Number of protein chains: 2
Amino acid sequence: MKLKKRSDCPVSTSLDIWGDKWSLLIIRDLMFAKECTYGDFLKAPEHIATNILASRLQALEENKIIEKLDHPESKAKVLYRLTKKGIDLLPIMIEINLWAEKYFPIPANRKAMLKEVKKDKIAFIKSMTKELERQDVR
Amino acid sequence: MKLKKRSDCPVSTSLDIWGDKWSLLIIRDLMFAKECTYGDFLKAPEHIATNILASRLQALEENKIIEKLDHPESKAKVLYRLTKKGIDLLPIMIEINLWAEKYFPIPANRKAMLKEVKKDKIAFIKSMTKELERQDVR
DNA sequence: TAATTTTACTTGCAAATTGCAAGTGCAAAT
DNA sequence: ATTTGCACTTGCAATTTGCAAGTAAAATTA
């Protein structure tokens, strides 16, 4: 599977990579949990189909948004993690949350996070980015 | 057509509305041009199919992201414009552009805009929002 | 050690969505 | 009065999605 660019527009190019109903949910899970297994993604409340999950994970990996790494406890498990390119989607993710909060009721725990964001957005992003970047030695 | 929410997550809810390959391109056009006709959207370099455009415009209108208004020059034309809810997607749009700029080559005119953004993001958004909100009396 | 379970997928197929081409109906221009 | 422009709609083939079941390797249990 190769990326087909519809135009040179940066918005269009971005959507070519993660502009579907599922990719940003996978990225969301990785931002909130830092690392996830295949099974973790399946536990998300939106209930992605297993074949769609597999195809999205593959596409995101091909586009260097996520990467696989060995699970420290088991060879049967696979850990997925955001690359720097993926972590850099954080500002977009935060703005999506802020927009949604303005127009829809949202869960309390997410609301608490956004309260922190609004205190100092730049600091929040910097700190969360640092956390996500910390690559544990295994 | 009614919105089916996959979960209470604000990201998921947002994607239910505009999380496809085309909606944000329509919104992009309206942000850059302020107002567009049906034909204007068709002129975009990504070449959306006419039936897809019609269905997206309808969905975005149902979700109060855009609204129709009478064209001042002709009853045969229809003008589309962003609502406040749509204009509030601007921070997301800007972050998408900034992310893309970091990882892909992007056109010079867009790059010039992002230079302005980076000088003072908050001021840029405020000023562009104001411009988009100005509802001309016709 | 053998049998069962867990984990990460793959496969097959029906249903929904997309994309292309052509058509329609009203408005405006000629 | 006829043609052109504009905003869609329609029909249909191709692609994508979603569900259910299956597979293979690794880990656990008996």
Side-chain angles (χ1 to χ4, degrees), chain A residues 1-7 12 15-26 29-30 33 35-63 65-81 138, chain B residues 1-7 12 15-26 29-30 33 35-63 65-81 138:
Chain A
M1 275 185 220
K2 54 181 270 279
L3 177 70
K4 38 188 172 203
K5 257 186 137 187
R6 287 174 295 171
S7 80
S12 160
L15 294 178
D16 288 338
I17 297 176
W18 47 258
D20 65 270
K21 292 237 174 287
W22 295 110
S23 294
L24 278 181
L25 297 183
I26 291 171
D29 289 345
L30 290 171
E35 287 171 355
C36 295
T37 63
Y38 192 88
D40 290 336
F41 293 119
L42 292 177
K43 280 176 210 138
E46 294 85 9
H47 298 114
I48 187 169
T50 59
N51 55 341
I52 309 291
L53 176 58
S55 87
R56 288 298 165 277
L57 287 173
Q58 195 192 330
L60 289 172
E61 198 189 355
E62 282 169 3
N63 285 295
I65 305 289
I66 65 175
E67 61 190 354
K68 287 182 179 188
L69 72 143
D70 291 339
H71 195 288
E73 292 169 7
S74 158
K75 268 193 276 187
K77 292 183 184 178
V78 178
L79 272 182
Y80 288 93
R81 166 169 78 179
R138 304 191 179 287
Chain B
M1 271 184 227
K2 53 181 271 278
L3 177 69
K4 39 188 169 195
K5 255 186 139 190
R6 288 173 294 172
S7 80
S12 160
L15 293 177
D16 288 337
I17 296 177
W18 48 257
D20 64 88
K21 291 239 174 290
W22 295 108
S23 294
L24 277 181
L25 297 183
I26 291 171
D29 289 345
L30 289 171
E35 286 170 356
C36 295
T37 63
Y38 193 88
D40 289 336
F41 293 119
L42 292 177
K43 281 175 210 140
E46 294 86 9
H47 299 114
I48 188 170
T50 59
N51 54 343
I52 308 292
L53 176 57
S55 86
R56 287 299 165 276
L57 287 173
Q58 194 191 331
L60 289 172
E61 198 189 355
E62 281 169 4
N63 286 295
I65 305 289
I66 66 175
E67 61 190 354
K68 287 182 179 189
L69 72 143
D70 291 341
H71 195 287
E73 293 169 6
S74 157
K75 267 194 279 188
K77 292 183 184 179
V78 178
L79 272 183
Y80 288 92
R81 166 170 78 179
R138 303 192 179 286

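For clarity, every value in this text was computed on a predicted model and none was experimentally measured. Sequence lines set the chain letters: A, B, ... in the order given, protein chains first and strands last, and positions in each chain run from 1.
Taking side-chain N and O atoms only, A:S74 has no distance below 4.0 Å to OP1 or OP2 of D:dA26. Phosphate proximity of D:dG18 to A:W22: present, with a side-chain N or O under 4.0 Å from OP1 or OP2.
Applying the side chain to side chain contact (heavy atoms under 4.5 Å, CB included) rule to A:A76 yields the partners A:S74; only residues at least two apart in sequence or on another chain are considered. The salt bridge (charged side-chain N to carboxylate O under 4.0 Å, His left out) search around B:K68 returns none, not counting sequence neighbours. In this structure, A:D29 has no salt bridge (charged side-chain N to carboxylate O under 4.0 Å, His left out) partners at least two apart in sequence or on a different chain. Taking the side chain to side chain contact (heavy atoms under 4.5 Å, CB included) definition, one finds that B:D40 meets it with B:C36, B:T37, B:K43, sequence neighbours left out. B:E67 is linked by a salt bridge (charged side-chain N to carboxylate O under 4.0 Å, His left out) to B:R81, counting only residues two or more places apart in sequence or in another chain.
One can place CG of A:L53 at 14 Å from P of D:dC19, the figure rounded to the nearest angstrom. Atom-to-atom, NZ of A:K21 to P of C:dA16 comes out at 16 Å; the value is rounded to the nearest Å. The interatomic distance linking B:I48 (CD1) with C:dG19 (C1') rounds to 11 Å, in whole Å. Distance A:E46 CD to D:dC19 C1': 18 Å, rounded to the nearest Å. For the pair A:L69 CG and C:dA8 P, the interatomic distance rounds to 12 Å; values are reported in whole Å. Put simply, NZ on B:K4 is 10 Å from C1' on C:dT17, counting in whole angstrom units. Straight-line distance from the CD1 atom of A:I52 to the P atom of C:dA14: 17 Å, rounded to whole Å. Between A:E73 atom CD and C:dT6 atom C1' the separation is 14 Å, expressed in whole Å.
Nearest-nucleotide assignment on DNA chain D puts the 5′-proximal partner with A:D20, out of A:K75 and A:D20.
Taking CZ of B:R56 as the reference point, atom CG of B:N51 lies at 9.5 Å (rounded to 0.5 Å). Taking NZ from B:K21 and CD from B:E46, the interatomic distance works out to 12.0 Å, rounded to the nearest 0.5 Å.
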Using a cut-off of 4.0 Å between protein heavy atoms and nucleotide atoms, how would you tag nucleotides 4-11 of chain D 5' to 3' with B, S and -? --SSBBBB
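Nucleotide C:dA21 is matched to D:dT10 when pairs are restricted to Watson-Crick or G-U wobble geometry with both distances under 3.5 angstrom.
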